[in-house]
Amino acid sequence: MRPVECENLRITYRKGKTVAVDGLSFTVDSGDIYIFIGPDGAGKSSTFKAVCGVLRYDSGRLLTFGVDPNDDRAFEPVKEKISFMPQGLGQNLYKRLSVEENVNFFADLYGIYGEERERRKELLLKTTGLWEFRDRPAGKLSGGMMQKLSLCCILIHKPELIVLDEPTTGVDPVSRREIWRLLYSFNREGQTVLLSTSYMDEAERGTELLLMKSGKSIVSGSYDEVVSTTSPVFVVTGKEIYRVYRELWKITNTPRLKGDTVRVVVPQSKLSDFRALQERLGFSAEPVDPELEDLFVERVGLRRVELPPLFKPAVSVPEEAVVVDRVVKKFGSFTAVNGVSFRVKRGEIFGLLGPNGAGKTTLIKTILGLYRPTSGRILVAGKPVGRGVKKLIGYTSQKFSLYHDLTVFENLIYWGNVYGVPRDAVKLTVSQVAPIFELDRFLNRLVSELPLGIKQRVALLSALLHSPPILFLDEPTSGVDPVERDVFWQVIRELSKEFGVTVLVTTHYMDEAEYCDRVLLMNRGKAVALGAPRHLKEELRETLGDAYLIYTDSPFETEEFLKERGFKTALFGRKVKIYSKEPVTESLLRELGVLFRALKPSRITMEDVFVFRVLENV
Amino acid sequence: MFSLKRILSVVKKEIKELLRDRISLITVFAVPLSMMLVFGYGLKLEIKHVPLGVLDFSKSYLSREVVSKLTSNGEYFYVKRYFSSEKELDRALTFGEVRGALVFPFNFEKDFKKGHTAFQLLVDGTFPYRAEVIKSYVNAIVSLENLKIAERRGVELPVSIEPRYWFNESLNQDYVVAVGTLAVVLAIAPAVFSALLIVKEKESGSIYNVYVSSIGKFEYLTGKLLSGLIVSIFNLAVLLSILLFLFQVPLKGSLLLLVLSSLMFIAVSTAFGLLLSVFFSSQAAAFIGTVILTVVPSILYTGYLTPISSMGREALIVSHLIPTFYYMRLLKNIYFKAAPFSYLVQDLLTLLAFFTLLFGLNYLLFKKRER
Amino acid sequence: MSFSFFTLLYKEIVQFFRNRGLLLFAVYAFTLDIYLASTGIDLTLKNAPFYAEDYDLSYSSRELLSRFPPPYFRFKGYLLSDRDVERVLLKDEAVGVIRIPFNFEKNLKRGDRTEIALIVNGAEVSSSYLFSAYATQIIYNFVTGNFFRPPIEVVPRVYFNQNCSSKLFMAYSELMTVITLFLLLLPAAAVVLEKERGNIEMLTVSPLPNIVFMVAKSVAMGLIVLSFSAFALFFTVERVVSVPFRGSELDFLLLTLLYVFTASGLSMFIASLSENMLQVSQLTILLLIPILYLSGNWTPIEAMPKLLQWLSVLSPLKYYIDGALAIAIKGVPLKELTSDIAALTLQGGALFALGNYFMVRRI
């Protein structure tokens with residue numbers, strides 16, 4: 001019996017006024033790792049909830065293990081076979097209970113007792129590295145650890161189908177790998193996985209892929225099938241790259257500025273225009289294999305955002321916009337930030353990276369004056385943080401602190417006011433900016449009804465209303481889809497480059513780290529590396545050597561195999577990345593006995609920097 | 001059909017969470033305790049130390065005599081102030097300086113000598129019960145005086161009036177209030193605690209675990225019910241001890257029956273709180289709803305401060321819809337009247353019916369779904 | 001830098017009205033709840049049912065029973081034995097029984113000793129006592145009437161509330177209790193919700209001083225409660241329960257406004273101590289009970305133990321109730337209530353400032 005069969009599914013909210021899922025069909029086979037991607041609000045969560053019988057669907061045919069989830073009585077026994085993890089960090093955990101007590105409670109819920117429980121609990125907690133923290137209250141875990149614990153909890157009863165709604169959102173690259181390792185190992189034991197993600201590289205790891213948009217399936221199939229439907233993709237390099245980027249927008253809605261290159265998908269019909277532009281501007285365009293992000297971007301479509309000069313700060317700040325000097329923050333005997341120093345220059349985009357629990361959020365909160373530093377000196381705009389400095393700061397916290405029971409417009413008026421912006425000024429700004437941010441339709445909707453991506457836009461806009469010269473953004477793009485993130489980064493880039501706004505940002509998307517002028521990598525409260533992304537990558541290349549990608553059907557086994565043979569490796573989607581100072585050739589791999597489909601030269605990325613710097617430090 | 005282990009696991013989780021939340025842990029026990037102490041100790045229906053004003057136009061021996069009779073034992077009345085004009089007295093009554101006043105007319109003593117005289121008693125009617133009691137005290141004391149005067153004049157009254165208070169021979173109103181307070185506290189505290197048990201999981205999102213897992217509605221709700229009960233049983237033990245040992249209210253009936261009916265009532269009030277928790281999606285609403293729906297009805301419609309028998313028809317209908325009404329009757333019947341079991345059965349069965357109804361509603365209304 | 005206080009208020013008010021459950025209970029509390037409280041019981045003697053165990057069945061005994069008039073008493077019938085007496089008392093069918101002995105009339109005429117027994121249910125409070133006091137008085141008057149005219153007569157006059165109706169008092173006191181409950185709970189609940197969702201942090205980072213935010217919250221909740229109070233006053237109390245209002249409604253509401261500051265200051269204390277709604281709810285009750293008790297609403301302050309009499313100075317509700325009842329029942333103008341106003345202002349100012357200060361300190 002198939003885990004999920006779904007035909008023409010329709011789900012609506014607000015008595016049919018909002019359509020979340022509109023004629024979706026898909027089938028999950030036993031043993032699949034079935035992955036949903038799509039823009040925020042596409043209907044992924046609603047679909048998952050319907051599959052698990054948490055949400056009633058309106059019409060269509062849906063069978064989970066052959067049973068209709070709308071049928072309360074009949075579906076109840078099926079729940080033994082499935083488990084569901086809702087969106088949100090540690091949402092389903094009991095914060096006052098310890099790690100072990102949480103797992104025990106879930107075991108109780110599913111009636112797993114005795115030796116079996118102990119065995120499974122130990123296995124799960126040890127694989128996730130939570131074993132040594134088993135007595136710690138769940139509320140005191142870092143985000144990544146919470147997600148791992150959630151996973152342990154819902155896996156305790158060996159479900160046949162695991163449904164995960166964005167399990168890795170807000171989780172750092174190292175922890176994400178561990179979570180995936182866990183998923184793979186369960187999948188190998190025959191468990192079926194249905195999950196959604198906003199990380200495109202994760203989406204590669206599935207056996208089946210479905211791109212959803214506006215409640216409908218746009219394309220589905222195996223990864224290769226799906227990606228092969230993409231139009232040709234080019235990496236464009238050349239002088240005046242920003243100008244090239246702008247011109248490319250006139251041809252397609254897919255250009256993405258990545259460092260000093262632009263990646264663009266050019267549909268067949270536009271190829272001639274593209275060639276003409278190339279002629280005119282004289283850039284070089286290298287055709288590359290399409291990746292999932294390219295498909296996503298092509299099917300969903302990017303949006304060009306150009307900000308009106310209204311966000312140009314009226315106040316200028318000193319050359320050293322933010323100074324953090326040997327800052328230490330202790331909570332009792334625990335040192336969250338341990339002697340971190342850096343200076344952010346005016347107009348710079350400064351990235352703060354690090355695994356969950358590294359102390360990034362604590363550091364930001366300390367800079368903002370929410371915590372008093374144990375020692376060290378902090379200057380923002382040349383002064384210690386106080387009333388005078390506060391109006392120069394814009395801040396969005398991890399949770400996007402909007403009021404869910406207010407409308408978008410009410411939120412904007414409120415947050416504007418909190419920063420001393422008069423109502424009329426906010427109105428004027430909103431009337432100009434809402435179309436650019438595509439918020440016009442949502443202005444009178446309650447925030448609670450909005451998808452995450454829209455919330456993120458509202459949160460960003462609310463932090464910008466008073467045109468602050470310095471922005472602090474704590475994981476602003478967590479869980480946000482690639483298109484929305486692109487819009488976000490266009491805004492940030494423009495604020496920084498055009499208006500001289502200083503931006504300090506934390507993120508778990510390593511591709512975003514590349515957009516920063518400089519990044520600081522933190523681990524366990526300490527600064528591990530500081531510099532421009534290019535510089536950090538170069539540094540790593542000198543220690544590790546060049547990178548190659550091995551295309552294989554069994555990435556985890558291959559990686560293990562290579563590791564045992566002394567290679568530095570990493571997983572990248574379904575590919576294995578291998579680093580070596582000696583050239584790696586196909587014949588070398590064959591000699592070693594590696595099963596692979598292809599070998600291609602690759603590049604060191606910020607993710608590599610992150611993973612190796614963090615692991616080295618451990 | 002259901003697994004005891006699963007039910008217990010919900011209970012265990014709930015109790016552990018409570019044990020880790022220090023403020024809640026303290027207050028969950030402090031709330032019923034303080035209610036019991038404050039109302040059981042402090043709610044006094046006897047009227048004592050009433051401040052009186054005196055406006056004496058007669059300035060006579062007799063008027064002074066009457067005042068001294070009224071205030072002689074010092075327990076009920078004392079003279080707060082002597083007034084010289086009606087205007088002054090009016091002001092004092094208006095601003096609550098005195099609660100009542102004695103006004104002796106100019107001819108007070110002269111009329112007495114002629115055989116019959118009268119004086120005015122002015123009472124502040126803001127608190128009606130107090131006004132009535134003040135009236136009755138003054139009447140009683142004056143009547144006693146009249147008898148003595150009549151005796152002196154050689155007339156003797158052949159009839160004696162003998163009030164007897166059944167069930168509570170000394171008419172110790174404090175006893176009655178203390179026992180009634182137990183019912184009121186047990187109507188409020190368990191309901192308030194259980195009112196948050198489910199809605200808090202809805203707010204935090206952990207309710208999904210229940211939605212998705214195979215734990216049955218019955219198991220989950222029973223688990224929550226039991227966790228509420230455990231907390232309340234502790235409280236019951238404490239409250240009963242206070243009643244028996246601290247207030248020393250003599251128990252005439254069977255302790256076993258008292259405990260049994262109390263347990264039954266705790267279950268009803270816990271199930272009521274749970275129902276609000278199932279119904280609402282915000283903790284604030286569930287809490288305030290529980291307080292409002294329990295406090296007024298259980299204090300005013302159950303015979304706590306006034307006998308059921310003197311209620312109007314409309315109020316009586318409302319009373320019968322409130323479980324506390326039946327428990328209050330059970331309590332008084334067991335505690336003071338040592339009523340035979342046959343008198344109790346009906347009320348016990350009614351409580352059982354209430355519990356079945358409320359828990360049944362919980363079961364019907366709780367959906368293992370978002371909507 | 002200027003902040004629009006109006007915008008801050010608007011947000012709080014809108015949020016309150018969007019919480020349907022809360023709104024529902026607020027409406028209930030200020031209407032039906034007050035109605036139930038004011039019409040439900042009467043602590044004075046009203047329609048007290050009684051039986052007679054009359055062994056005489058003479059003209060005099062019937063005459064005596066006819067002296068127990070409605071609306072105070074309600075005669076339910078004759079009982080034939082002591083067993084019946086026990087039954088009606090056990091079943092709460094009567095407040096009391098009057099037992100008239102054999103030969104009552106004969107003895108009375110002859111001047112021989114005779115005894116009337118008054119059997120009262122001691123397991124009930126308030127009206128049990130009044131029943132026995134009234135009945136004694138009535139019997140006494142009846143009997144003495146046969147022999148002499150009482151030399152001293154008391155002419156009672158009840159001020160402000162001539163027929164001693166409990167409705168008046170219950171309606172106003174319940175209104176004030178409900179006001180207190182909402183004032184204690186609403187600001188605290190709203191603050192804790194912002195703590196749980198992390199909004200407090202955002203506000204701390206913003207240039208808006210926390211104290212302004214907290215004050216806005218208290219004021220908004222105060223305004224909400226104030227408007228509900230006005231509604232309850234004009235509609236529930238004056239129209240539905242229809243009890244008279246002697247003074248000026250404006251005065252009543254102005255006094256309520258003063259009280260709003262005091263109570264919401266207390267609410268901020270609750271908020272600063274609590275992390276979740278369970279804590280808020282328990283602390284609210286824990287604070288509500290002594291405030292209600294010490295207000296003298298249920299037990300006259302003069303009848304409390306000495307220690308509690310002193311403590312009652314601390315209950316803000318005491319001054320509010322004193323003042324508000326004076327306005328509502330006695331028709332006293334607000335400007336004459338200087339001591340209550342002074343106490344409320346002093347207490348309100350201090351609690352409001354301290355509560356908000358304490359709250360801000362804890363963030």
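Throughout, protein chains are lettered first and strands after them, A, B, ... in sequence-line order, and every chain is numbered starting at 1. Note: hydrogens, waters and symmetry copies are ignored here, and every other heavy atom, side chains too, is used.
- Heavy atoms of C:L193 lying under 4.5 Å from chain A are absent altogether.
- Closest approach of C:V205 to A:Y395, counting heavy atoms only: CG2-CD2, 3.8 Å.
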Determine whether C:N276 and A:R96 satisfy the following criterion, side chain to side chain contact (heavy atoms under 4.5 Å, CB included), listing intermediate values before the conclusion. CA-CA 12 Å; C:N276 54 43; A:R96 288 184 197 274; 3.2 Å; yes
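- Of the atoms belonging to A:T407, heavy atoms from both backbone and side chain fall under 4.5 Å from chain C.
- Within a 6.0 Å sphere centred on OH of C:Y35, heavy atoms belonging to other residues, nucleotides or ligands number 12 at most.
- Within a 6.0 Å sphere centred on NZ of A:K95, other residues, nucleotides and ligands contribute more than 12 heavy atoms.
- When all heavy atoms are compared, the tightest approach of C:T204 to A:K390 is O-NZ, 2.7 Å.
- Between A:L406 and C:R18 the shortest heavy-atom distance is CA-NH1, 3.4 Å.
- Shown here is C:F6, whose CZ atom has no more than 12 heavy atoms of other residues, nucleotides or ligands within 6.0 Å.
- Here the CZ atom belonging to C:R20 is positioned 12.0 Å from the CG atom belonging to A:D405, to the nearest 0.5 angstrom.
- For the pair C:F3 and A:N417, the tightest heavy-atom approach, listed with the atom from each and the gap, is CD2-O, 3.0 Å.
- Taking each heavy atom of C:E194 and A:Y403 in turn, the nearest pair found is OE1-OH, 2.5 Å.
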Verdict with supporting geometry, C:L203 and A:V418, side chain to side chain contact (heavy atoms under 4.5 Å, CB included): CA-CA 7 Å; C:L203 289 158; A:V418 160; 3.8 Å; yes
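- The distance from the OG1 atom of A:T396 to the CE atom of C:M202 is 6.5 Å, given to the nearest 0.5 Å.
- Residue A:L392 does not touch chain C at all, counting heavy-atom pairs closer than 4.5 Å.
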